[in-house]
Amino acid sequence: MRYWLMKSEPECYGIDHLAKEPKKITPWDGVRNYQARNMMRDEMKKGDLAFFYHSNANPPGIAGVVEVVKQGYPDHTAFDPTDEHYDPKSDPDNPRWFMVDVKLKQKFKQEISLKELRDNPGLEAMQLLKKGNRLSVMPVEKQHWDVIMNILG
DNA sequence: GCCAACGTTGGC
DNA sequence: GCCAACGTTGGC
């Protein structure tokens, strides 16, 4: 079982959107970055947990926890010319982009802001906190996961 | 709105 | 394969 962090802009799709889905499940579509794709396609497994991170938010931070309920499969929004994430180079017979389905496990009563994460001892090595980090899907080490869950008290 | 840090594209 | 130009991400 592995741990992850997935970013989304709350104005686009935040944790409250997910909470309103019929089964609290959503496909994590629209990712168009190869590193992030590789992780969703090859590494994320059913039962893995991920932080739902609000990027470009005020303030940015971790809003809750989701569980991977369906492993990597082709992102069909890449095949749809009317979709904003359409990619003509993705062939349905040889898909370029992949996604997973996630289910809301827990919405934090209070978000853990990026500043709180930075101020918290023990998280200095987290990929999220490193300079220039732009990946929208990234692994989280168990020790960091545990530290963050303990912040909730 | 600014800007650093990447990632992608395309000419050569 | 190199690299400049350009586009995007995302914190501030």
Side-chain angles (χ1 to χ4, degrees), chain A residues 2-21 26-44 48-68 71-102 104-141 143-152:
Chain A
R2 295 188 65 184
Y3 298 96
W4 306 91
L5 181 141
M6 305 172 89
K7 297 180 185 174
S8 185
E9 301 190 18
E11 288 205 2
C12 177
Y13 191 92
I15 199 162
D16 289 327
H17 293 93
L18 177 54
K20 284 177 191 146
E21 302 285 358
T26 189
W28 204 264
D29 59 17
V31 173
R32 297 293 178 265
N33 170 281
Y34 289 103
Q35 273 182 271
R37 176 208 65 181
N38 291 348
M39 285 186 271
M40 290 201 292
R41 185 189 61 189
D42 305 330
E43 297 188 50
M44 296 180 82
D48 283 2
L49 298 178
F51 287 129
F52 193 127
Y53 180 86
H54 282 165
S55 62
N56 263 322
N58 236 329
I62 297 172
V65 173
V66 297
E67 178 182 349
V68 176
Q71 289 177 212
Y73 64 107
D75 181 347
H76 55 76
T77 65
F79 309 138
D80 177 2
T82 66
D83 193 279
E84 66 172 316
H85 299 294
Y86 174 58
D87 181 358
K89 287 180 246 172
S90 187
D91 178 353
D93 292 328
N94 185 19
R96 175 175 295 205
W97 303 114
F98 287 73
M99 60 190 177
V100 297
D101 286 357
V102 299
L104 183 62
K105 287 276 287 183
Q106 179 184 5
K107 180 189 163 182
F108 296 161
K109 291 195 182 87
Q110 203 176 350
E111 285 189 26
I112 304 173
S113 72
L114 183 59
K115 181 175 188 316
E116 283 177 84
L117 294 172
R118 286 196 195 286
D119 290 346
N120 202 284
L123 298 177
E124 296 84 357
M126 248 191 112
Q127 194 172 340
L128 176 73
L129 304 183
K130 293 205 175 139
K131 198 172 162 187
N133 146 67
R134 285 174 44 194
L135 261 187
S136 62
V137 177
M138 67 180 77
V140 173
E141 289 175 34
Q143 62 183 90
H144 295 146
W145 182 277
D146 291 341
V147 168
I148 291 167
M149 294 305 283
N150 279 333
I151 294 176
L152 297 170

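A side-chain N or O of T77(A) and one of R32(A) form a donor-acceptor pair less than 3.5 Å apart.
Here the P atom of nucleotide dG10(C) and the CD atom of Q127(A) are 12 Å apart, to the nearest Å. Rounded to a whole Å, the NZ atom of K89(A) is 7 Å from the P atom of dG10(B). The interatomic distance linking E9(A) (CD) with dT8(C) (P) rounds to 13 Å, in whole Å. The distance between atom OH of Y34(A) and atom C1' of dT9(B), rounded to the nearest whole Å, is 11 Å. Rounded to whole angstrom, the span from the CG atom of L5(A) across to the P atom of dT9(C) amounts to 16 Å. In this structure, N58(A) places its CG atom 15 Å from P of dG10(C), rounding to the nearest Å. If you measure from atom CD of E11(A) to atom C1' of dG10(C), you get 13 Å, rounded to the nearest angstrom. The separation between R32(A) atom CZ and dT9(B) atom C1' is 18 Å, rounded to whole Å.
Looking at heavy-atom distances under 4.0 Å, Q35(A) makes contact with sugar-phosphate atoms alone, never a base.
Ring-plane geometry between F51(A) and F108(A) is classed as perpendicular, the angle between the planes exceeding 60 degrees on a 0 to 90 degree scale with a lower cut at 30.
Dashed line: the shortest gap from a side-chain N or O of K7(A) to OP1 or OP2 of dG10(C) is under 4.0 Å. A close approach under 4.0 Å does not occur between any side-chain nitrogen or oxygen of K130(A) and OP1 or OP2 of dA4(B).
For an aromatic pair to be called close, the ring centres must be under 6.0 Å apart, and Y73(A) with W97(A) fails this.
Distances were taken from every side-chain heavy atom of R118(A) (C-beta onward) to each of dC12(C), dG10(C), dA5(B); the shortest belongs to dC12(C). Relative to the side chain of Y53(A), the nucleotides dG11(C), dT8(B), dT9(B) differ in distance, and dG11(C) lies closest. Listed nucleotides dG11(C), dA4(B), dG7(B) differ in distance to N33(A); the shortest reach to its side chain belongs to dG7(B). Considering only the side chain of P60(A), dG11(C) comes nearest among dG11(C), dA5(B), dT8(B).
Around atom CG of D119(A), more than 12 heavy atoms belonging to other residues, nucleotides or ligands sit under 6.0 Å away.
Under a 3.5 Å cut-off, the side chain of S8(A) and the backbone N or O of Y13(A) do form a donor-acceptor pair.
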